[in-house]
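Single-structure report; data block below.
Only heavy atoms go into these numbers, but all of them, side chains included; no hydrogens, no water, no symmetry mates.
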Protein chains: 2
Amino acid sequence: MKSIVLFGTGNVAFHLFRAFSNSENFKVIQVYNHSAESLEPFKGKVPTTKKFSEIFPADIYLLAVKDDAIGEIVSKIKNPEALILHTSGAVPVAVFQDFEHAGVFYPLQTFSKNKSVDFKNVPICIEANTKANLEVLEQLANSISNKVYQISSSQRKSLHVAAVFVSNFVNYLYTEGEAICEKNGIPFEILHPLIRETASKIESMSPKDAQTGPAMRNDQEVINSHLPLLNSEQQKIYQILTSSIQNLHGKEL
Amino acid sequence: MKSIVLFGTGNVAFHLFRAFSNSENFKVIQVYNHSAESLEPFKGKVPTTKKFSEIFPADIYLLAVKDDAIGEIVSKIKNPEALILHTSGAVPVAVFQDFEHAGVFYPLQTFSKNKSVDFKNVPICIEANTKANLEVLEQLANSISNKVYQISSSQRKSLHVAAVFVSNFVNYLYTEGEAICEKNGIPFEILHPLIRETASKIESMSPKDAQTGPAMRNDQEVINSHLPLLNSEQQKIYQILTSSIQNLHGKEL
């Protein structure tokens with residue numbers, strides 16, 4: 001059984017804590033956060049601390065914190081024996097250059113506190129500074145997920161950008177879709193099957209081949225009739241994405 | 001048993017033809033298209049024609065054609081007895097002003113020929129020019145789908161724009177995500193669970209509440225590090241969607 005100190009109390013930390021509570025080989029023995037208030041949900045389940053001086057020695061220090069908090073924690077951590085890991089898509093493993101045992105444990109999923117996640121299907125992208133540490137990381141990742149990928153720091157950075165496109169930006173388009181429905185007295189649930197199908201389709205065909213819609217068809221009449229229905233922010237988004245689709249697909253028509 | 005002449009051979013027509021082949025109360029008795037070649041896939045399954053003069057009388061004329069072809073067909077149709085319907089999200093029911101029996105049958109889903117669709121879960125938005133015709137439309141829609149909504153022409157136009165946001169534009173963002181992966185030797189499948197979860201999440205919470213990512217967190221360092229990884233088209237999209245997310249959520253931080 002290997003011990004873990006978990007740093008952070010946000011969405012990623014919260015879901016990782018849950019996932020490891022079912023692991024046979026790894027156990028979270030402490031949760032750290034600088035704010036006592038955010039530790040509240042963990043109280044009674046696991047020892048918690050907001051003081052660096054009280055952090056337990058452990059096999060693994062797992063930093064599930066905001067990217068810009070990683071550097072500060074690194075500068076304060078006193079236990080060079082632990083394998084230190086972060087969960088960030090954007091921070092290179094080199095942030096741990098002064099540590100003997102270091103790596104990255106990046107779960108590629110969107111987490112919200114109110115929505116449970118089946119970690120078995122969450123891809124975990126791992127990277128380590130030595131072969132031996134990579135083996136520990138593989139065990140750690142395999143203990144909660146069936147989808148473990150070895151991804152370098154530079155690949156991970158690009159993967160993170162791609163994730164912003166296919167998740168954060170996509171969710172923002174859902175938000176605009178909901179706003180348009182609400183403004184017109186239409187239940188947003190009418191769009192749920194379309195949203196689900198659009199997402200599921202690209203598991204059996206390339207999204208490039210799955211493109212449909214007025215921009216793809218170069219249907220200028222429909223495009224022109226859509227614009228007056230939108231606010232100025234929505235118009236900007238509509239125009240740039242329409243022209244991007246036309247640029248990509250225009251030559252094929 | 002009511003008879004249908006289906007106009008069109010594109011993705012929507014193709015899937016509607018399939019769906020009605022299982023209906024007990026409605027039967028497609030003929031498929032029309034101006035091009036003989038596009039009628040090929042229907043040959044042997046149903047009578048086909050490319051000539052207006054050969055179109056059968058029928059209870060329902062169902063126009064599953066491009067928006068700009070609707071007007072031309074309307075001007076040529078000789079049978080004022082039939083209930084005439086189109087499947088467009090953008091064209092008002094008033095396009096049929098010279099017909100006694102008219103309506104709209106708009107299946108709100110994205111269709112590709114190579115991907116089968118369970119019509120039972122496809123929302124169908126209906127509208128008719130009389131109460132009696134609305135009843136026929138309800139029967140027609142209920143015969144293939146469990147999700148039938150009465151939606152006015154002006155609502156449908158807005159719904160169509162919303163669908164462009166949550167499906168066509170979303171699919172384009174998937175396309176960019178795939179391009180970024182390919183450029184960096186990353187299998188796009190790593191992003192499938194994230195895409196699925198992002199889509200499924202908004203069935204249990206509002207997308208506004210589900211927003212995550214660097215723009216939402218106002219994490220300028222990550223945002224700045226992403227931009228150099230993108231081509232100029234991707235940068236434009238990244239910047240406009242990041243600033244939209246910041247505008248929407250900025251005041252809440």
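- Interface summary for chain A: among Asp68(B), Asp67(B), Asp209(B), the most heavy-atom pairs under 4.5 angstrom belong to Asp67(B).
- Residues Asp219(B) and Lys66(A) are not in side-chain contact: their nearest non-hydrogen atoms beyond the backbone lie 4.5 Å or more apart.
- Note that the CD atom of Gln239(B) and the CD1 atom of Ile240(A) stand 9.0 Å from one another [nearest 0.5 Å].
- Aromatic ring pairs are classed by plane angle as parallel below 30°, tilted from 30° to 60° and perpendicular above 60°; the pair Phe165(A) and Tyr238(B) is tilted.
- Comparing Asn171(A), Thr175(A), Leu173(A) by how many heavy-atom pairs each has under 4.5 Å with chain B, the most go to Asn171(A).
- Heavy atoms of Ile195(B) lying under 4.5 Å from chain A belong to its backbone as well as its side chain.
- No other option in Val166(B), Ile180(B), Ile151(B), Val91(B) has as many heavy-atom pairs under 4.5 Å with chain A as Val166(B).
- If you tally non-hydrogen atom pairs under 4.5 Å between each of Val122(A), Leu194(A), Ile186(A) and chain B, the highest count goes to Leu194(A).
- Taking CG of Leu241(A) as the reference point, atom CG of Asn168(B) lies at 10.5 Å (rounded to 0.5 Å).
- Remark: Gln139(B) CD is packed, more than 12 non-hydrogen atoms of other residues, nucleotides or ligands lying under 6.0 Å away.
- When heavy atoms are compared at a cutoff of 4.5 Å, Ile202(A) approaches chain B by way of both its backbone and its side chain.
- No side-chain heavy atom of Lys183(B) sits under 4.5 Å from any side-chain heavy atom of Ser158(A).
- Ranked by heavy-atom pairs under 4.5 Å with chain A, the list Ala163(B), Gly89(B), Pro187(B), Ser154(B) is led by Ala163(B).
- Of the listed residues Ala210(A), Cys181(A), Pro214(A), the one with more heavy-atom pairs under 4.5 angstrom with chain B than any other is Ala210(A).
- Heavy atoms from other residues, nucleotides or ligands lying under 6.0 Å from CD of Gln235(A) number more than 12.
- The parts of Val170(A) that come within reach of chain B are both its backbone and its side chain, each placing non-hydrogen atoms under 4.5 angstrom from that chain.
- With chain A as the partner, the residue from Phe188(B), Tyr172(B), Phe111(B) showing the most heavy-atom pairs under 4.5 Å is Tyr172(B).
- Side-chain contact, Thr110(A) with Glu197(B): no donor N or O sits under 3.5 Å from an acceptor N or O.
- A donor and an acceptor atom, one from each side chain of Asn184(A) and Gln155(B), are nowhere located under 3.5 Å apart.
- Chain A forms the most heavy-atom pairs under 4.5 Å with one residue out of Ser204(B), Gly177(B), Ser152(B), Ser88(B), and that residue is Gly177(B).
- Most heavy-atom pairs under 4.5 Å with chain A: of the set Ile237(B), Val164(B), Asn121(B), this distinction falls to Ile237(B).
- Contacts of Glu178(A) with chain B are made by side-chain atoms alone, with heavy-atom separations under 4.5 Å and no backbone atom involved.
- The salt bridge (charged side-chain N to carboxylate O under 4.0 Å, His left out) contacts involving residues 153-164 of chain B comprise Glu127(B)-Arg156(B), where partners must be two or more places apart or lie in separate chains.
- Here Ser206(A) is the residue among Ala179(A), Ser206(A), Gly185(A) with the most heavy-atom pairs under 4.5 Å with chain B.
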- Stepwise side chain to side chain contact (heavy atoms under 4.5 Å, CB included) test for Arg196(A) and Arg196(B): CA-CA 8 Å; Arg196(A) 212 182 309 138; Arg196(B) 213 182 308 138; over 6 Å; no

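- Among the candidates Glu176(A), Lys201(A), Glu233(A), the residue making the largest number of heavy-atom pairs closer than 4.5 Å to chain B is Lys201(A).
- Partners of Tyr149(B) under the ring pair (Phe, Tyr, Trp, His ring centres under 6.0 Å) rule, at least two apart in sequence or in another chain, do not exist in this structure.
- Ionic pairing of Lys147(A) and Glu189(B) is not present here: no N-O contact between side-chain nitrogen and carboxylate oxygen is shorter than 4.0 angstrom.
- Checking Asn11(B) against Thr212(A) by side-chain atom types alone, no donor-acceptor pair falls below 3.5 Å.
- For Ala90(A), the part lying under 4.5 angstrom from a heavy atom of chain B is the side chain only.
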